[in-house]
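Notes follow once the structure below has been shown.
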Amino acid sequence: MVKHSVLIGACLMLLACSNATQPNLYQRLGAEDGINAMVDGLLYEIEHDQRIVHHFADSDIGRFHAKLAEQLCQLTGGPCHYSGSTMQESHTGFNISLADYDALVEGLIKVMQRQQISITDQNALLALLAPMYKDISYR
Ligand code: HEM
C-alpha cells in the first residue's frame, strides 16, 4: 500500500512537472509577437478579399487589430484580458453570413500556414474560434 502511494505520488509529480514545461497554445503560436504577426497577416488577407473587405469599410482598423490580438492572446492562454465588445455587440448589423465567416477563416489558415504553425495548433485555434460563429453571423 505504501509502495503504491509512493508510486502514485511520483507519477503525479512527474505529470505536474511535464505540464509545467509544456508550452501552451499562446506560446506555440509565438506569444505576443506571433499573435501580432498573425493579426497583421489576417488584416492583409481581409484587405485583399473582395468577398468580405466591404464589411470593414467604416471600421477603426487600429482598434480591430488591438482587440483581436488581445482576444487571441486570452483565448490561447496568454497573459491578457480581452477588453473589447462581445462578439454579438461588435458584429450585429453587419449581416455576416456563413460564407463570410468561412472566407475570414480561410484567410486565417493561409496566415498560419505562412507562419509555419503546425496543423495541430492551427486546428486548436480554429476549435477555440468555432463556437463564436453563432454570435458573429446573422444566420
Ligand atoms: C473567428 C471569427 C471572428 C473573431 C474572433 C472576430 C473578432 C473580432 C473582434 C475582437 C473585434 C473587435 C471588437 C471591438 O471593437 O471591441 C471584431 C470586430 C469586427 N469584426 Fe470580427 N471577428 C470574427 C469574424 C468576423 C467576420 C467573419 C467578419 C466579416 C466578414 C467580421 C467583421 C468585423 C467587423 C466589420 C468588425 C469591426 C466592427 C466595428 O467597426 O465596430 N468579423 N471582430
Side-chain angles (χ1 to χ4, degrees):
M1 189 62 192
V2 175
K3 259 188 194 166
H4 276 139
S5 41
V6 168
L7 202 70
I8 290 168
C11 287
L12 286 176
M13 268 172 62
L14 226 100
L15 206 70
C17 290
S18 67
N19 271 344
T21 54
Q22 286 292 320
N24 65 10
L25 184 57
Y26 170 74
Q27 288 154 341
R28 298 200 305 274
L29 295 178
E32 192 182 348
D33 286 351
I35 287 185
N36 274 328
M38 197 184 293
V39 176
D40 284 345
L42 181 61
L43 279 174
Y44 175 88
E45 292 300 326
I46 292 173
E47 204 186 321
H48 292 87
D49 191 334
Q50 294 312 313
R51 296 171 296 177
I52 55 173
V53 65
H54 60 278
H55 287 296
F56 295 84
D58 298 322
S59 299
D60 175 345
I61 298 301
R63 178 186 164 97
F64 176 69
H65 189 297
K67 297 300 169 199
L68 182 59
E70 202 176 80
Q71 187 189 41
L72 294 179
C73 168
Q74 176 175 305
L75 208 60
T76 56
C80 310
H81 173 73
Y82 176 61
S83 64
S85 312
T86 65
M87 289 299 93
Q88 203 164 17
E89 280 165 1
S90 49
H91 296 92
T92 297
F94 286 98
N95 287 350
I96 296 169
S97 64
L98 174 60
D100 293 334
Y101 185 87
D102 286 348
L104 186 134
V105 168
E106 201 182 294
L108 181 61
I109 293 172
K110 273 192 203 168
V111 174
M112 292 195 287
Q113 274 164 351
R114 276 206 297 272
Q115 285 183 222
Q116 303 192 324
I117 291 166
S118 72
I119 300 288
T120 309
D121 291 343
Q122 290 186 27
N123 287 338
L125 180 60
L126 295 176
L128 292 171
L129 298 178
M132 295 179 183
Y133 169 69
K134 62 179 187 336
D135 294 326
I136 290 170
S137 73
Y138 74 104
R139 66 184 150 92

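Reckoned from all heavy atoms, side chains included, excluding hydrogens, waters and symmetry mates. All ligand and atom numbering here is 1-based and tracks the order in the structure. As the structure is a prediction and not an experimental result, all values here were calculated from the model.
- In terms of protein heavy-atom proximity, atom 28 (C) of ligand 1 is closest to Ile96 CD1, 3.5 Å.
- Scanning both residues, Lys67 and Ser83, for their nearest heavy atoms gives NZ-OG, 2.8 Å.
- Below 4.0 Å from some heavy atom of Gly84 lie the following atoms of ligand 1, by number and element: 16 (O).
- Looking only at side-chain heavy atoms (C-beta outward), Phe94 and Ile52 stay at 4.5 Å or farther from each other.
- Residue Met87 holds the heavy atom nearest to atom 6 (C) of ligand 1 of all those in Arg51, Met87, Met132.
- Those atoms of ligand 1 that come under 4.0 Å of a heavy atom in Tyr101, given as number and element, are 1 (C), 2 (C), 27 (C).
- Using a 4.5 Å cut-off on side-chain heavy atoms (C-beta onward), Ser85 and Arg63 make contact.
- Heavy-atom contacts of Ser85 reach the following atoms of ligand 1: 14 (C), 16 (O) (cutoff under 4.0 Å).
- Note: no N/O pair closer than 3.5 Å links Asp60 and ligand 1 by distance alone.
- The minimum heavy-atom distance linking Tyr82 with Gln71 is given by the pair CD1-CB, 3.5 Å.
- In this structure, Tyr133 falls outside the shell of residues with a heavy atom less than 4.0 angstrom from ligand 1.
- What sits closest to atom 26 (C) of ligand 1 on the protein, heavy atoms only, is Leu104 CD1, 3.7 Å.
- Here the shortest heavy-atom pairing between Tyr26 and Cys73 reads CE1-SG, 3.6 Å.
- In plain terms, the two heavy atoms of Ala103 and Asp49 that are nearest each other are CB-OD2, 3.9 Å.
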Show the numbers, then the answer: is there a side-chain contact (heavy atoms from CB on, under 4.5 Å) between Met132 and His91?
-> CA-CA 11 Å; Met132 295 179 183; His91 296 92; over 6 Å; no
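- Distances below 4.0 Å separate heavy atoms of Ser90 from the following atoms of ligand 1: 13 (C), 38 (C).
- Proximity to Ile136 (heavy-atom distance under 4.0 Å) selects the following atoms of ligand 1: 2 (C), 3 (C), 4 (C), 23 (C), 24 (C), 25 (C).
- By the 4.5 Å heavy-atom criterion applied to side chains, Leu126 and Val105 are counted as neighbours.
- Nearest protein heavy-atom neighbour of atom 37 (C) of ligand 1: Ser59 OG, 3.5 Å.
- Contact detail for Asp100 and Ile96: the closest heavy-atom pair is OD2-CA, 3.5 Å.
- Ligand 1 is never approached by Glu89 to a heavy-atom distance shorter than 4.0 Å.
- Atom 21 (Fe) of ligand 1 sits nearest to atom NE2 when only the N, O or S atoms of His91 are considered.
- For ligand 1 and Ile52, the ligand atoms under 4.0 Å from any heavy atom of the residue are 30 (C).
- Among protein heavy atoms, atom 32 (C) of ligand 1 sits closest to Phe56 CZ, 3.2 Å.
- Here the closest heavy-atom approach between residue Asn24 and residue Gly77 is recorded as ND2-O, 3.0 Å.
- Counting only heavy atoms, the protein gets under 4.0 Å from atom 43 (N) of ligand 1.
- Within ligand 1, counting atoms from 1 as listed, the ones closer than 4.0 Å to a heavy atom of Gln71 are 5 (C), 7 (C), 10 (C).
- Given atom 35 (C) of ligand 1, the protein heavy atom at minimum distance is His55 O, 3.2 Å.
- Put simply, CZ on Phe64 and CG on Leu42 are 6.0 Å apart, with the number rounded to the nearest 0.5 Å.
- When the heavy-atom distances from atom 15 (O) of ligand 1 to Arg63, His54, Lys67 are ranked, the shortest goes to Arg63.
- A heavy-atom distance below 4.5 Å is found between the side chains of Asp40 and His65.
- The protein heavy-atom contact nearest to atom 18 (C) of ligand 1 is Phe64 CD1, 3.5 Å.
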